[in-house]
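Lettering of chains follows the sequences in order, A, B, ..., and the numbering in each one begins at 1.
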Protein chains: 2
Amino acid sequence: MFKLTRKVEYALIALRHMQNKGSEVVTNTKEIAEAYDIPVQLLAKTLQHLAREGIIDPVQGPHGGYRLTANLEDLNLTDFIELLEGPMGLMDCYFDSNCEQLGVCNIRLPIVKINDSIRNMFNKMSLADLTK
Amino acid sequence: MFKLTRKVEYALIALRHMQNKGSEVVTNTKEIAEAYDIPVQLLAKTLQHLAREGIIDPVQGPHGGYRLTANLEDLNLTDFIELLEGPMGLMDCYFDSNCEQLGVCNIRLPIVKINDSIRNMFNKMSLADLTK
DNA sequence: TTAAATACGACTTTATTGGTCGTATTTAAT
DNA sequence: ATTAAATACGACCAATAAAGTCGTATTTAA
Ligand code: SF4
Ligand code: SF4
């Protein structure tokens, strides 16, 4: 419990890798997969996802790959995680409202507070902080 | 992802319920299960777990149940979660060291820092904070 | 024309979480 | 003593989520 998914980790690894090479350079999936021992197909899907979200730019054809386009300073960790994995909350009721206990729950408010603190903390962290 | 487990939520609900009734009072599983619509058997196991950990005290036989014994001021959220669910970390390598990527990982340190911040935050919260 | 790359959905496998069942034990009340 | 209301606990099952694979299509430089 309470773990980042592999998908998020792989995405971060890839972004950091690309950032180290500079933002003009095109890096292909295979290179990253081999460098970090990540299943190629899975990394491929993850990078495609990042591309769809406009964080990296695809270059097709031979010698293709991805180029880092987003300014990582401007992307915070909450947004990044949510764009890969959907709503991030300690409990169901933070977004969803079909928890059986919702009406009678006696711990909702304190947990909302904790969740807010974590989100707040993540909001203040840019991806650039993580990749430098 | 990133959710507290039901077990942890049920445990918190139960502790808060018991705390509201005062620490001398004996409360049985069924009462809590009914009040919050929690599956009895599951709550039972959870309370047994809390009892084993010395947080509540079992009273057997008819009119039995549990009595709150631990001082919730002295129990922090990290310890509480870990005693119910085991090691809590954003990534495998925080405790375990058989991640495939461990040797080459380029994001480990930043993630360790984030994880430390969260643990630190949880360390500073007592269960009493959550149940009052 | 070929080959190296991305694109993408369907699928399978594995791990985790959530929940149930059966049976034993304790003990207050009758 | 017997009964019934409770805890104790491990084995089991079900549902969900995460991790990974496959097949096929498309793009494009050489
Ligand atoms: S209502 Fe209570 S039990 Fe349900 S998800 Fe929210 S905090 Fe958890
Ligand atoms: S080594 Fe890197 S990839 Fe592996 S668990 Fe730690 S942070 Fe995640």
Side-chain angles (χ1 to χ4, degrees), chain A residues 1-11 13-14 18 26-34 36-67 81 84-92 96 98-101, chain B residues 1-11 13-14 18 26-34 36-67 81 84-92 96 98-101:
Chain A
M1 87 169 270
F2 223 73
K3 287 214 200 88
L4 255 33
T5 59
R6 270 345 230 175
K7 199 173 167 188
V8 169
E9 289 202 322
Y10 294 159
I13 288 176
M18 293 172 79
V26 171
T27 311
N28 70 44
T29 308
K30 207 174 149 221
E31 171 185 328
I32 301 176
E34 282 171 358
Y36 302 94
D37 229 317
I38 299 172
V40 207
Q41 302 273 32
L42 184 50
L43 180 62
K45 281 208 311 190
T46 305
L47 295 182
Q48 281 156 29
H49 196 156
L50 292 181
R52 243 177 287 138
E53 302 285 350
I55 293 172
I56 55 181
D57 232 35
V59 177
Q60 290 202 327
H63 306 300
Y66 299 94
R67 196 184 284 120
I81 291 177
L84 280 175
E85 300 289 352
M88 173 191 83
L90 285 182
M91 64 310 198
D92 292 336
D96 228 300
N98 33 26
C99 171
E100 197 72 33
Q101 282 75 33
Chain B
M1 88 171 268
F2 222 73
K3 287 211 200 92
L4 254 33
T5 60
R6 273 342 231 174
K7 199 172 167 190
V8 168
E9 289 202 322
Y10 294 159
I13 288 175
M18 292 174 79
V26 171
T27 312
N28 69 44
T29 308
K30 207 173 149 221
E31 171 185 328
I32 301 176
E34 281 171 358
Y36 302 94
D37 228 318
I38 298 171
V40 206
Q41 301 274 31
L42 184 50
L43 181 62
K45 279 206 314 188
T46 306
L47 295 181
Q48 279 156 30
H49 195 156
L50 292 180
R52 244 176 287 137
E53 303 285 349
I55 293 172
I56 54 181
D57 231 34
V59 177
Q60 291 203 325
H63 308 300
Y66 299 94
R67 195 184 284 121
I81 291 178
L84 279 175
E85 300 289 352
M88 173 190 84
L90 285 182
M91 65 309 199
D92 293 336
D96 228 301
N98 35 25
C99 170
E100 199 71 33
Q101 282 76 32

Measuring only between side-chain heavy atoms, which start at C-beta, is [X] closer than 4.5 Å to [Y]?
X      : Y       : result
L84(B) : L50(B)  : yes
E9(A)  : Q101(B) : no
T5(B)  : V8(B)   : yes
M91(A) : L4(B)   : no
V59(B) : R67(B)  : yes

Original post:
Looking across every strand, which nucleic acid part, if any, lies under 4.0 Å from K45(A) by heavy atom: base, sugar-phosphate, or nothing?
Top reply: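 Here K45(A) touches the bases of the nucleic acid.
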
**OP:** May I ask you to say what F2(A) touches in the nucleic acid, namely base, sugar-phosphate or nothing, with a heavy-atom cut-off under 4.0 Å?
**Re:**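 It contacts nothing in the nucleic acid.
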
Distance check needed: [N] [atom2] versus [X] [atom1], whole Å only.
X      : N       : atom1 : atom2 : result
E53(B) : dA8(D)  : CD    : C1'   : 15 Å
L42(A) : dT6(C)  : CG    : P     : 14 Å
L90(A) : dT17(C) : CG    : P     : 14 Å
R6(A)  : dT16(C) : CZ    : C1'   : 15 Å
I56(B) : dA8(D)  : CD1   : C1'   : 12 Å
I38(A) : dA18(D) : CD1   : P     : 18 Å
H49(A) : dA19(D) : NE2   : C1'   : 16 Å

Of the nucleotides [options], which one has an atom closest to the side chain of [X]?
X      : options                   : value
Q41(B) : dT20(C), dA7(C), dG20(D)  : dT20(C)
M1(B)  : dA19(D), dT20(C), dA18(D) : dA18(D)
Q48(B) : dT7(D), dA7(C), dA19(D)   : dT7(D)

Original post:
Relative to the 5' end of DNA chain D, which residue comes earlier, E85(A) or A51(B), by the nucleotide with the nearest heavy atom?
Top reply: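 Here A51(B) is the residue nearer the 5' end.
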
Any [X] side-chain nitrogen or oxygen under 4.0 Å from OP1 or OP2 of [N]:
X      : N       : result
Y66(A) : dA7(C)  : yes
T29(B) : dA6(D)  : no
Y10(B) : dG18(C) : no

Original post:
Taking all non-hydrogen atoms of both residues, which atom of G89(A) and which atom of K3(B) are closest, and how far apart?
Top reply: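 Scanning both residues, the minimum pair turns out to be O-CG, 3.4 Å.
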
Original post:
What are the two closest non-hydrogen atoms of P39(A) and Y10(A), and how far apart are they?
Top reply: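 Taking every non-hydrogen atom into account, CD-OH, 4.1 Å.
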
Original post:
Watson-Crick or G-U wobble partner for dA5(D), using a 3.5 Å limit on both distances?
Top reply: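 Its partner is dT26(C).
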
**OP:** Quick one: look up who dG10(D) pairs with, Watson-Crick or G-U, both distances under 3.5 Å, and put none if it's unpaired.
**Re:**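 Partner of dG10(D): dC21(C).
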
Original post:
How does protein reach along nucleotides 24-30 of chain C, written 5' to 3' as B (base within reach of a heavy atom under 4.0 Å), S (only sugar-phosphate), or - (no contact)?
Top reply: --BBB--

